[in-house]
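Worksheet: one structure, shown below.
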Amino acid sequence: QVQLAESGGGLVQAGGSLRLSCEASGRTFRDFPMGWFRQAPGKERESVAAINWGGGITKYADSVKGRFTISRDNAKNTVYLQMNSLKPEDTAVYYCAANRWTLTLDASRYDYWGHGTQVAVSS
(Lines give C-alpha, C1' and ligand atoms only; values in the text may rest on other atoms or scores of the structure.)
Protein backbone atom coordinates (compact mmCIF):
# COMPACT_ATOMS: atom_id res chain seq x y z
CA GLN A 1 0.00 0.00 0.00
CA VAL A 2 0.98 3.61 -0.63
CA GLN A 3 -0.61 6.54 1.15
CA LEU A 4 -0.50 9.91 -0.60
CA ALA A 5 -1.18 13.35 0.87
CA GLU A 6 -1.33 16.48 -1.27
CA SER A 7 -0.76 20.01 -0.02
CA GLY A 8 -0.09 23.49 -1.38
CA GLY A 9 -3.38 24.35 -2.99
CA GLY A 10 -5.06 27.70 -2.55
CA LEU A 11 -6.48 30.78 -4.22
CA VAL A 12 -4.27 32.71 -6.65
CA GLN A 13 -4.80 35.39 -9.26
CA ALA A 14 -4.43 34.64 -12.95
CA GLY A 15 -0.78 34.77 -13.94
CA GLY A 16 0.35 33.68 -10.50
CA SER A 17 2.11 30.53 -9.31
CA LEU A 18 1.55 27.70 -6.88
CA ARG A 19 3.63 24.70 -5.90
CA LEU A 20 1.81 21.52 -4.99
CA SER A 21 3.44 18.78 -2.96
CA CYS A 22 2.50 15.14 -2.54
CA GLU A 23 4.11 13.18 0.25
CA ALA A 24 4.05 9.40 0.08
CA SER A 25 4.27 6.83 2.81
CA GLY A 26 4.08 3.07 2.85
CA ARG A 27 5.81 1.06 0.16
CA THR A 28 9.04 2.24 -1.40
CA PHE A 29 8.23 5.53 -3.06
CA ARG A 30 11.12 5.47 -5.47
CA ASP A 31 9.76 2.38 -7.21
CA PHE A 32 6.65 4.14 -8.45
CA PRO A 33 6.02 6.35 -11.43
CA MET A 34 3.88 9.25 -10.22
CA GLY A 35 1.27 11.47 -11.78
CA TRP A 36 -0.79 14.57 -11.18
CA PHE A 37 -4.40 14.78 -12.28
CA ARG A 38 -7.16 17.33 -11.83
CA GLN A 39 -10.93 17.51 -11.84
CA ALA A 40 -12.95 20.68 -12.24
CA PRO A 41 -16.58 20.93 -11.12
CA GLY A 42 -18.87 19.21 -13.59
CA LYS A 43 -15.98 17.88 -15.65
CA GLU A 44 -14.20 14.59 -15.97
CA ARG A 45 -10.84 14.02 -14.37
CA GLU A 46 -7.98 14.91 -16.69
CA SER A 47 -4.29 14.21 -16.69
CA VAL A 48 -1.77 16.93 -15.93
CA ALA A 49 1.72 15.45 -15.70
CA ALA A 50 3.63 12.27 -14.93
CA ILE A 51 7.18 11.41 -13.93
CA ASN A 52 9.17 8.20 -13.98
CA TRP A 53 10.67 6.60 -10.90
CA GLY A 54 14.04 8.29 -11.27
CA GLY A 55 12.69 11.70 -12.21
CA GLY A 56 14.49 11.91 -15.52
CA ILE A 57 11.51 11.42 -17.80
CA THR A 58 8.32 13.46 -17.69
CA LYS A 59 5.10 13.78 -19.64
CA TYR A 60 2.64 16.66 -19.76
CA ALA A 61 -0.85 17.30 -20.99
CA ASP A 62 -0.88 19.80 -23.85
CA SER A 63 -2.91 22.23 -21.76
CA VAL A 64 -0.10 22.70 -19.23
CA LYS A 65 3.06 22.28 -21.32
CA GLY A 66 5.47 25.14 -20.77
CA ARG A 67 3.65 26.30 -17.64
CA PHE A 68 3.74 23.36 -15.22
CA THR A 69 6.74 21.31 -14.08
CA ILE A 70 6.61 17.96 -12.30
CA SER A 71 9.56 16.85 -10.20
CA ARG A 72 10.31 14.45 -7.37
CA ASP A 73 12.66 14.06 -4.44
CA ASN A 74 12.92 10.38 -3.61
CA ALA A 75 14.90 11.11 -0.45
CA LYS A 76 11.87 13.04 0.83
CA ASN A 77 9.26 10.68 -0.65
CA THR A 78 7.69 13.71 -2.31
CA VAL A 79 6.55 14.67 -5.78
CA TYR A 80 5.95 18.30 -6.73
CA LEU A 81 3.96 20.22 -9.29
CA GLN A 82 5.19 23.74 -9.94
CA MET A 83 2.42 25.69 -11.64
CA ASN A 84 3.24 29.02 -13.29
CA SER A 85 1.21 31.41 -15.42
CA LEU A 86 -1.97 30.04 -13.92
CA LYS A 87 -5.25 30.56 -15.75
CA PRO A 88 -8.84 30.47 -14.47
CA GLU A 89 -9.33 27.23 -16.42
CA ASP A 90 -6.69 25.60 -14.19
CA THR A 91 -9.17 25.77 -11.31
CA ALA A 92 -9.76 22.23 -10.07
CA VAL A 93 -9.06 19.73 -7.35
CA TYR A 94 -5.58 18.36 -7.99
CA TYR A 95 -4.74 14.77 -7.15
CA CYS A 96 -1.47 12.91 -7.07
CA ALA A 97 -1.34 9.24 -7.87
CA ALA A 98 1.10 6.34 -8.01
CA ASN A 99 1.18 3.33 -10.27
CA ARG A 100 3.26 0.20 -10.05
CA TRP A 101 4.31 -0.23 -13.64
CA THR A 102 4.76 2.54 -16.14
CA LEU A 103 5.11 6.22 -16.89
CA THR A 104 1.72 7.21 -18.27
CA LEU A 105 -0.89 9.96 -18.35
CA ASP A 106 -3.66 7.35 -18.34
CA ALA A 107 -5.45 7.69 -15.01
CA SER A 108 -6.87 4.16 -15.26
CA ARG A 109 -3.33 2.77 -14.88
CA TYR A 110 -2.86 4.34 -11.44
CA ASP A 111 -3.32 2.24 -8.32
CA TYR A 112 -3.04 4.71 -5.43
CA TRP A 113 -4.60 8.15 -5.06
CA GLY A 114 -4.48 11.03 -2.64
CA HIS A 115 -7.52 12.95 -1.44
CA GLY A 116 -6.74 16.05 -3.48
CA THR A 117 -5.99 19.72 -2.90
CA GLN A 118 -8.10 22.59 -4.22
CA VAL A 119 -6.61 25.15 -6.60
CA ALA A 120 -8.66 28.20 -7.50
CA VAL A 121 -7.48 30.81 -10.00
CA SER A 122 -9.31 34.11 -10.13
CA SER A 123 -9.47 36.27 -13.24
Tabulate below the donor-acceptor pairs under 3.5 Å that side-chain atoms of residues 77-86 make, not counting sequence neighbours, or state none.
from	atom 1	to	atom 2	distance (Å)
T78	OG1	K76	O	2.8
Q82	NE2	N84	OD1	2.9
N84	OD1	S17	OG	2.9

Contact summary for [X] and [Y], nearest pair of heavy atoms:
{"X": "L4", "Y": "A24", "answer": "CD2-CB, 3.6 Å"}
{"X": "V64", "Y": "V48", "answer": "CG2-O, 3.5 Å"}
{"X": "A40", "Y": "A92", "answer": "N-CB, 3.8 Å"}
{"X": "K65", "Y": "Y60", "answer": "CE-O, 3.4 Å"}
{"X": "V121", "Y": "D90", "answer": "CG2-CB, 4.3 Å"}
{"X": "A107", "Y": "R45", "answer": "CB-NE, 4.1 Å"}

Nearest 0.5 Å, please: how far is [atom2] in [Y] from [atom1] in [X]?
{"X": "S63", "Y": "K87", "atom1": "OG", "atom2": "NZ", "result": "8.5 Å"}
{"X": "F68", "Y": "L20", "atom1": "CZ", "atom2": "CG", "result": "8.0 Å"}
{"X": "K59", "Y": "T104", "atom1": "NZ", "atom2": "OG1", "result": "5.5 Å"}
{"X": "I51", "Y": "W36", "atom1": "CD1", "atom2": "CH2", "result": "11.5 Å"}
{"X": "M34", "Y": "S71", "atom1": "CE", "atom2": "OG", "result": "11.5 Å"}

May I have the step-by-step check of side-chain contact (heavy atoms from CB on, under 4.5 Å) for F32 and Y112, ending in yes or no?
CA-CA 10 Å; F32 293 87; Y112 307 104; 3.9 Å; yes
Okay, side chain of N99, backbone of S108: is any donor-acceptor separation there less than 3.5 Å?
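Side chain of N99 to backbone of S108, a donor-acceptor pair under 3.5 Å: no, none is there.
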Please check this pair: side chain of E6 against backbone of S21, looking for a donor-acceptor N/O pair closer than 3.5 Å.
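Side chain of E6 to backbone of S21: no pair is present.
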Side-chain hydrophobic cluster, 4.5 Å single linkage: members besides [X]:
{"X": "L11", "answer": "none"}
{"X": "I57", "answer": "L103"}
{"X": "V93", "answer": "F37, Y95, Y110, W113"}

Residue set satisfying salt bridge (charged side-chain N to carboxylate O under 4.0 Å, His left out) with E46, at least two apart, ordered chain then number -> R38
So, using side chain to side chain donor-acceptor pair (under 3.5 Å) as the criterion, who are the partners of R19 when residues are at least two apart?
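Per chain and number, R19 pairs via side chain to side chain donor-acceptor pair (under 3.5 Å) with no residue.
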Would you say that more than 12 heavy atoms from the other residues, nucleotides or ligands in this model lie under 6.0 Å from the CZ of R109, or not?
no
